[in-house]
Amino acid sequence: MQEELNHLEYTIEKYNEVIDDSKLKLSNLKNLYKDYEEMLEEKFRLEGMLKSIERAKENPYFARIDFESKNKDICYIGKLGVSDYDNNIITVDWRAPISSLYYDSNVGATSYTSPEGEVKGKLLLKRQYQIENGKLINFNDVDTVSNDELLKPYLSVSADNRLKNIVSTIQSEQNKIIREKLGKNLVIQGVAGSGKTTVALHRIAYLVYNNRHLFKASDYMVIGPNKFFVSYISGILPDLDVNGVAEYTMDELMLKYIDEKYIINNSLDKITDIDEISRFKTSMEIKKEIDKYFKNLNILPDKDFCINDVKILSKEFIKNTYDEINKSTFKSIKARIDRLILLLNKYIKDNETRIVLRLINDKVDKKVIDEFKNNINNHLKKYFVILNKKVKDIYLNILKENNIDIKDIKQNKIELEDIPSLIYIKYKLSGSDIFNNYKHIVIDEAQDYGEFNFYVLNKIFKNPTFSIYGDLAQSLYSYRSINNWESLNDIFDNLEILKLNKSYRTTIEIMDEANKINDLLKLDRAIPVIRHGDKVEYTDKDIITLVRELKEKYKTIAVITKTQDEANNLYEDLKDKININLINSSNLNYNSDINILPSYLSKGLEFDSVIIVNKNNFKENSIDMKLLYVSMTRALHKLYIKK
């Protein structure tokens, strides 16, 4: 213990030295760099490093491994890799290749893969530390990180403390996904509580670190289900030493890409199994209709190119020039028309003297000839009216052809299920240059998207790879959701579907009860980690009594109803009796200790304890059973179900 206490004190001293050295260098940058751009780049790097080290200083490492190969390496593993200014390693980054020994290997003969190849040797020691506020609380020598007894202390804490230690408890099956190479498309089917979002964020952190010499953090994108999620990951990624990753919801992505204004109706409350129009809009069937529309679309005007009614080029000549353009190179309509304008400009320039002579012989007014000479490019752009077509107008035409109501869309009001069609129309018109830099896209809560969503995302990014995370058991919007992950094989090359079946969130007692719903829906059972707790209680007690009982033991409590109307009514009854926060689709914050919310808005959240209200309102159909499953699996430690 004394040896470890001394090492922690030494590590914190070394961190402070690096902090002081970095601050000194920051204050002297003007003297160290003559090139202003280089100075700014170094300033940005040092400021980011300082923030990261100061965050990590109070808990600089969580594990130690002793590995003997050609030499004996003693590695203290932390959230951040830190070296002093003599390049002596103080802590090893959890993302470094050698750190995989901590997550995946038992003590004894083993190996890890480095950039130079496989390194064989012997793992002599694997030790885990509990450090809080710069103080060593405890340490344990372990054989494997997935030892259930080792995990228990981390799984037993309150919901708001769980992420602080998550790097130290990454499991082998999670670690495999996190460390998959960048050049592969992944689908991760993970049961409730399996750590999908945690794995997603740590995978980004791992990829950014291990490909830092090739790509910047800004070359990665996360697509989340709502603004609350985007805000949440904005707070988590910097703690993993990642800054600058692009973060969007699907509607934000669409608005940036299309560059047209729309009001997006909130459809979080729209839980239904019967909406054939919405299902059509998110299926590959509407893609066929859009393709058919564009196939029949007159891209070229059916008239000669004129300036002030004076013919400059015949429509036949323009069509022949267009037909010679390589359609596989210039894929979008805009790319082809831009190419055509370039070719026509060249032709006119090469033949300007002859054309002007013809105009003079035809006694064309001098102003027209000057206009021809000086503004030909602007006139060509006006001639090709397709360049000014709005996405909305084309979408309206396609919907009309399919006898679908267009009243709302005429007023620029759309639903989430309209998004893939609008994106695809824009892609057909203009291509996707604005997203060319992204190398890897992460999609969370992906079970709520239809096949067409994935198809258009794969189109608008230029050769990235995807990590797609979801749980089919939590697919609440069946009218616009994917039915099975295998269908994505037709969309993504080199796709691998992986499963996370272990649930680390709930106790065995809660998960066993929730698994009855998986059995009913014929879905994979979740495997709870061995952490026992109280039995699930079916009760007639009033909510005030239950909340007071729970407050004695737990910090966060969720009161979950089936619908928003039920939540609203219950909130009105309770708000003057207890301090409670109402969550609805326009207020997704749950900063209060006690929250009331509908089942479908609880997805992705977790609480120490949960009270499900009016269980009998959940009927034995697919949608209601999934709503009940989601509600039950929000609880970490205690679950009450009111009859």
Side-chain angles (χ1 to χ4, degrees), residues 155 157-164 166 190-201 222 224-236 247 249 266 268-269 271 443-448 469-471 473-477 500 503-507 510-511 513-514 517 526 528 536 547 550-551 554-564 566-568 570-571 580-613 618 626-641:
L155 300 180
V157 298
S158 61
D160 57 348
N161 286 323
R162 282 158 61 82
L163 267 173
K164 292 179 181 176
I166 202 72
V191 299
S194 59
K196 293 184 293 296
T197 299
T198 297
V199 170
L201 299 183
V222 181
N226 52 55
K227 285 295 291 178
F228 171 77
F229 175 88
V230 170
S231 173
Y232 165 76
I233 63 171
S234 296
I236 297 298
E247 300 154 358
T249 60
N266 182 0
L268 289 176
D269 303 327
I271 306 290
I443 308 174
D444 202 12
E445 298 289 353
Q447 74 280 346
D448 289 336
Y469 300 80
D471 179 16
Q474 298 182 67
S475 176
L476 304 183
Y477 304 95
L500 291 172
S503 175
Y504 299 99
R505 179 186 295 139
T506 63
T507 61
I510 294 171
M511 204 66 244
E513 201 68 17
I517 297 174
V536 175
V547 166
L550 291 170
K551 280 300 289 178
Y554 302 111
K555 184 178 179 185
T556 59
I557 302 167
V559 180
I560 300 179
T561 61
K562 179 184 169 183
T563 68
Q564 186 70 61
E566 289 173 32
N568 295 344
L570 192 54
Y571 173 73
I580 193 167
N581 173 53
L582 175 66
I583 295 176
N584 55 42
S585 51
S586 56
N587 170 35
L588 293 170
N589 293 317
Y590 71 116
N591 298 325
S592 172
D593 290 345
I594 309 171
N595 293 278
I596 183 165
L597 66 161
S599 51
Y600 45 89
L601 292 185
S602 71
K603 188 152 56 75
L605 307 182
E606 57 182 38
F607 305 89
D608 295 332
S609 53
V610 167
I611 304 166
I612 296 176
V613 180
F618 294 87
K626 286 180 178 179
L627 290 172
L628 183 58
Y629 175 81
V630 166
S631 304
M632 294 171 72
T633 54
R634 300 310 97 198
L636 271 66
H637 309 301
K638 182 68 181 178
L639 175 61
Y640 281 115
I641 299 178

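All of these numbers come straight from a predicted model, not from anything done at the bench. For the numbers below, each heavy atom of this structure counts, side chains included, while hydrogens, waters and symmetry mates do not.
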message: In the structure I gave you, are the side-chain heavy atoms of Val559 and Leu570 within less than 4.5 Å of one another anywhere?
response: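 SC-SC contact between Val559 and Leu570 confirmed.
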- prompt: Given side chains that start at C-beta, do those of Pro528 and Tyr504 come closer than 4.5 Å, heavy atoms only?
  reply: no
- prompt: What pairs with Tyr554 under ring-ring contact (aromatic ring centres under 6.0 Å, His included), at least two apart in sequence or on another chain?
  reply: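 Result, ring-ring contact (aromatic ring centres under 6.0 Å, His included) vs Tyr554: His637.
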- prompt: Taking atom types as modelled, is there a side-chain donor on Asp593 or Thr556 under 3.5 Å from an acceptor on the other?
  reply: no
If you measure from [atom1] on [X] to [atom2] on [Y], what distance do you get to the nearest 0.5 Å?
X: Phe607; Y: Arg505; atom1: CZ; atom2: CZ; value: 10.0 Å
X: Lys603; Y: Leu627; atom1: NZ; atom2: CG; value: 10.0 Å
X: Ile611; Y: Ile557; atom1: CD1; atom2: CD1; value: 6.5 Å
X: Asn584; Y: Asn568; atom1: CG; atom2: CG; value: 7.0 Å
X: Ile560; Y: Leu628; atom1: CD1; atom2: CG; value: 10.0 Å
X: Ile583; Y: Leu605; atom1: CD1; atom2: CG; value: 6.0 Å

Positive for side chain to side chain contact (heavy atoms under 4.5 Å, CB included) with Lys638, one of Val536, Thr506, Leu550: Leu550
message: Once side-chain hydrogen bond (donor to acceptor under 3.5 Å, both in side chains) is applied, do any residues pair with Thr197, and if so which ones, sequence neighbours excluded?
response: Asp444
query: Residues two or more places apart in sequence or in another chain: which of them pass side-chain hydrogen bond (donor to acceptor under 3.5 Å, both in side chains) with Asp471?
result: Gln189, Gln474
task: Evaluate the criterion side chain to side chain contact (heavy atoms under 4.5 Å, CB included) for residue pair Val630 and Leu476; output intermediate values, then yes/no.
output: CA-CA 9 Å; Val630 166; Leu476 304 183; 4.1 Å; yes
Salt bridge (Lys or Arg N to Asp or Glu O under 4.0 Å) involving [X] - partner list, sequence neighbours excluded:
X: Glu566; value: none
X: Glu247; value: none
X: Lys562; value: Asp624
X: Lys196; value: none

statement: By side-chain contact (heavy atoms from CB on, under 4.5 Å), Thr507 pairs with (sequence neighbours left out) Glu509, Ile510, Arg531
- prompt: With Ala200, which residues qualify under side-chain contact (heavy atoms from CB on, under 4.5 Å), at least two apart?
  reply: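 Applying side-chain contact (heavy atoms from CB on, under 4.5 Å) to Ala200 gives Val442, Tyr469.
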field: Derivation of the side chain to side chain contact (heavy atoms under 4.5 Å, CB included) call for Leu639 and Glu513
entry: CA-CA 10 Å; Leu639 175 61; Glu513 201 68 17; 5.7 Å; no
Minimum heavy-atom separation for [X] and [Y], please, with both atom names.
X: Ser503; Y: Ala192; result: OG-O, 3.0 Å
X: Arg634; Y: Ser602; result: CD-O, 3.0 Å
X: Tyr571; Y: Ile580; result: CE1-O, 3.5 Å
X: Ala567; Y: Leu597; result: CB-C, 4.1 Å
X: Gln564; Y: Pro598; result: OE1-CG, 3.3 Å

- request: Step by step, work out the side chain to side chain contact (heavy atoms under 4.5 Å, CB included) result for Val191 and Met511.
  value: CA-CA 11 Å; Val191 299; Met511 204 66 244; 5.9 Å; no
field: Ser609 vs Tyr640, side chain to side chain contact (heavy atoms under 4.5 Å, CB included): CA-CA, chis, key distance, verdict
entry: CA-CA 8 Å; Ser609 53; Tyr640 281 115; over 6 Å; no
